Asks: 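Here it is, the structure, as C-alpha cells.
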Amino acid sequence: MSKNNSGFSREGRFAKRKRSKIIATILASAAALLVVVYIILFTAGGSVAPNETQDSETQSQFAEQNDSSGDSEESEEPTEELEVREIEEENEDSEEKNSENDSSEEDEKEESEESENESSEVNEEEESEEEESEEESSEEEESSEDEENDNRQVEESSEENVDRVITGDWSPVQTKQDISGEHRTTYDPNSQDWQEILQAASKATGVDVGAMTVWRIENAGNGQVHAAISDGGQGQVQRVLIDWEDGKGYQPLQVEELNNNPY
C-alpha cells in the first residue's frame, strides 16, 4: 500500500510540473505576443504622428500662403486703383493741355487773321489813296491839257504836203536827265531823250505813246527836233516840232498835219 501511494504521489508531482511548464510556456507566449503587439502599435503610432505633424504644418503653411495671397491681393487692388487714378489724372492733364494748346492756336489764328485784316485794310486804304492821288494827278493833267488844247490855234497851210498847222501853249515834259550844263540830244531809240521826245509829241497830238507809230525823229536845227508820228499805222501822219527848254525838258511848239506820208 505504501508503494502504491508513493508511486501515485510521484506521478502526481510530475503531472503538476508538466502542467506548470505548459502554463508558463503559454503565459510566456502570451506575454511575447503582447510585447509584439505593443511594439507594432508603438511603431504604427510613431509613423502616424509625424504624418499628422507634416499635415498640420502643410495646412498651416497653406493657410499662411492664403493669408499672404489675400493680403497681396488686397495690397494689389489699391495699387491697381492708384494706377488707374494716375492714368485718369494724366489723361485729364493731357486733355487740359490739348485744350489749352487748341485755345492758344485759335487765339494765334484769330490774332494773325486780325493782323492780316488790318494789314489788308491798311493796304486797301493806301491803294485807294494812291488811286485817288493818281486820279487827281490825271485829272489835273487832263485839265491842264484841256486848257492847253483850248489855247491851240489851227491854221491852213500853204506849204507843200502840209494840210494844217496847229500851235499851242504846251508845257514842257519834266525831264529825268541831268539839267546842268548844255544839253545834247541823243537819237537812240533806247535813250531817255527818245522817250521824252515821244512824250512831248503825245502831249501835242493826243496820241498815246503805246499806240503811237514813230516814222522818224530827226534834228530840226537850232537845238530843235522833228518827230513824225501817227496814231497806229493807218492814221494821219503828224510832224511835231519840239524844243529843249533848259532846266525843264522837251516842249512841243507846233504840229503839222501832212497830206501824204513821205517816210
Side-chain angles (χ1 to χ4, degrees), residues 123 125-263:
N123 292 328
E125 289 178 357
E126 291 177 352
E127 289 177 356
S128 63
E129 289 177 356
E130 289 178 355
E131 289 177 355
E132 289 177 357
S133 62
E134 289 177 356
E135 289 178 356
E136 290 176 356
S137 62
S138 63
E139 288 176 357
E140 290 177 355
E141 289 177 356
E142 288 177 357
S143 62
S144 63
E145 288 179 358
D146 292 336
E147 290 177 356
E148 291 175 354
N149 291 328
D150 291 337
N151 294 324
R152 290 187 307 172
Q153 293 180 359
V154 180
E155 295 179 356
E156 299 293 332
S157 176
S158 59
E159 293 183 11
E160 185 179 359
N161 201 29
V162 177
D163 186 12
R164 295 187 306 175
V165 177
I166 302 170
T167 58
D169 188 13
W170 295 290
S171 60
V173 175
Q174 188 62 43
T175 184
K176 295 181 180 179
Q177 304 180 62
D178 185 9
I179 57 176
S180 63
E182 185 179 358
H183 179 75
R184 291 184 179 179
T185 303
T186 302
Y187 297 95
D188 183 358
N190 295 321
S191 65
Q192 187 66 29
D193 273 320
W194 188 279
Q195 297 301 319
E196 291 179 357
I197 289 169
L198 294 181
Q199 291 174 10
S202 175
K203 180 183 282 288
T205 60
V207 179
D208 188 70
V209 174
M212 187 182 293
T213 299
V214 181
W215 298 104
R216 180 174 295 183
I217 295 177
E218 59 187 0
N219 188 358
N222 298 323
Q224 295 179 343
V225 177
H226 267 143
I229 61 97
S230 64
D231 187 0
Q234 304 296 327
Q236 185 180 25
V237 176
Q238 301 179 75
R239 185 168 56 196
V240 185
L241 179 64
I242 302 170
D243 189 21
W244 172 265
E245 186 175 348
D246 292 334
K248 293 183 180 180
Y250 287 102
Q251 180 182 13
L253 299 178
Q254 71 175 17
V255 179
E256 295 176 330
E257 294 179 352
L258 304 183
N259 293 321
N260 298 313
N261 186 358
Y263 307 106

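These figures come from a predicted structure and were not determined experimentally.
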Asks: Out of curiosity, Glu155 CD to Arg164 CZ, how far, rounded to the nearest 0.5 Å?
Replies: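 Between atom CD of Glu155 and atom CZ of Arg164 there are 11.5 Å.
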Asks: What is the minimum heavy-atom distance between Gly247 and Gln174, and which atoms define it?
Replies: O-NE2, 4.5 Å
Asks: Carefully, step by step, assess His226 and Asn219 under the rule side chain to side chain contact (heavy atoms under 4.5 Å, CB included).
Replies: CA-CA 6 Å; His226 267 143; Asn219 188 358; over 6 Å; no
Asks: I'd like to know if the side chain of Gln192 reaches the main chain of Thr175, judged simply by a donor and an acceptor atom lying under 3.5 Å from each other, with no hydrogens or angles considered.
Replies: no
Asks: Under the side chain to side chain contact (heavy atoms under 4.5 Å, CB included) test against Val154, which residue among Val165, Thr167, Ile166 passes?
Replies: Ile166
Asks: Evaluate the criterion side chain to side chain contact (heavy atoms under 4.5 Å, CB included) for residue pair Trp170 and Val255; output intermediate values, then yes/no.
Replies: CA-CA 11 Å; Trp170 295 290; Val255 179; 4.2 Å; yes
Asks: Answer whether the closest heavy-atom distance between the side chains of Val225 and Ile217 falls below 4.5 Å.
Replies: yes
Asks: To the closest 0.5 Å, what do you measure between CD1 (Ile197) and CH2 (Trp244)?
Replies: 9.5 Å
Asks: Just so I know, are the side chains of Asp163 and Glu156 near enough to count as touching, which here means a heavy-atom distance under 4.5 Å?
Replies: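 They are in side-chain contact.
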Asks: Working to the nearest 0.5 angstrom, can you tell me the gap between Glu159 CD and Asn259 CG?
Replies: 11.5 Å
Asks: Looking only at heavy atoms, what is the nearest atom pair of Pro189 and Gln195, with distance?
Replies: O-NE2, 3.6 Å
Asks: Measure the spacing between CD of Gln153 and CD of Gln254 and express it to the nearest 0.5 Å.
Replies: 11.5 Å
Asks: Please confirm whether the backbone N or O of Gln236 pairs with a side-chain atom of Ser230, one donor and one acceptor, at under 3.5 Å?
Replies: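 Answer holds: no.
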Asks: Given side chains that start at C-beta, do those of Lys203 and Ser171 come closer than 4.5 Å, heavy atoms only?
Replies: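 Touching, per the 4.5 Å side-chain cut-off.
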Asks: If we ignore hydrogens and angles and just use 3.5 Å, is the side chain of Asn161 paired with the main-chain N or O of Asn260 as donor and acceptor?
Replies: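 Yes, the answer is positive, given that a donor and an acceptor are paired below the 3.5 Å cut-off.
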Asks: Considering only heavy atoms from C-beta outward, does the side chain of Leu258 approach that of Tyr263 to under 4.5 Å?
Replies: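 Of all side-chain heavy-atom pairs linking Tyr263 with Leu258, at least one is under 4.5 Å.
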Asks: What is the distance from atom CD of Gln224 to atom CG of Leu241, rounded to the nearest 0.5 Å?
Replies: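 Atom-to-atom, Gln224:CD and Leu241:CG are 4.5 Å apart.
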Asks: How close do Val240 and Pro252 get, counting heavy atoms only, and between which atoms?
Replies: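 So the two residues come closest at CG1-CB, 4.2 Å.
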Asks: Distance from Asp188 atom CG to Trp194 atom CH2, nearest 0.5 Å?
Replies: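 Answer rounded to 0.5 Å: 8.0 Å.
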Asks: If you define the side chain from C-beta out and look only at heavy atoms, does anything of Ser157 sit under 4.5 Å from Glu256?
Replies: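 They are not in side-chain contact.
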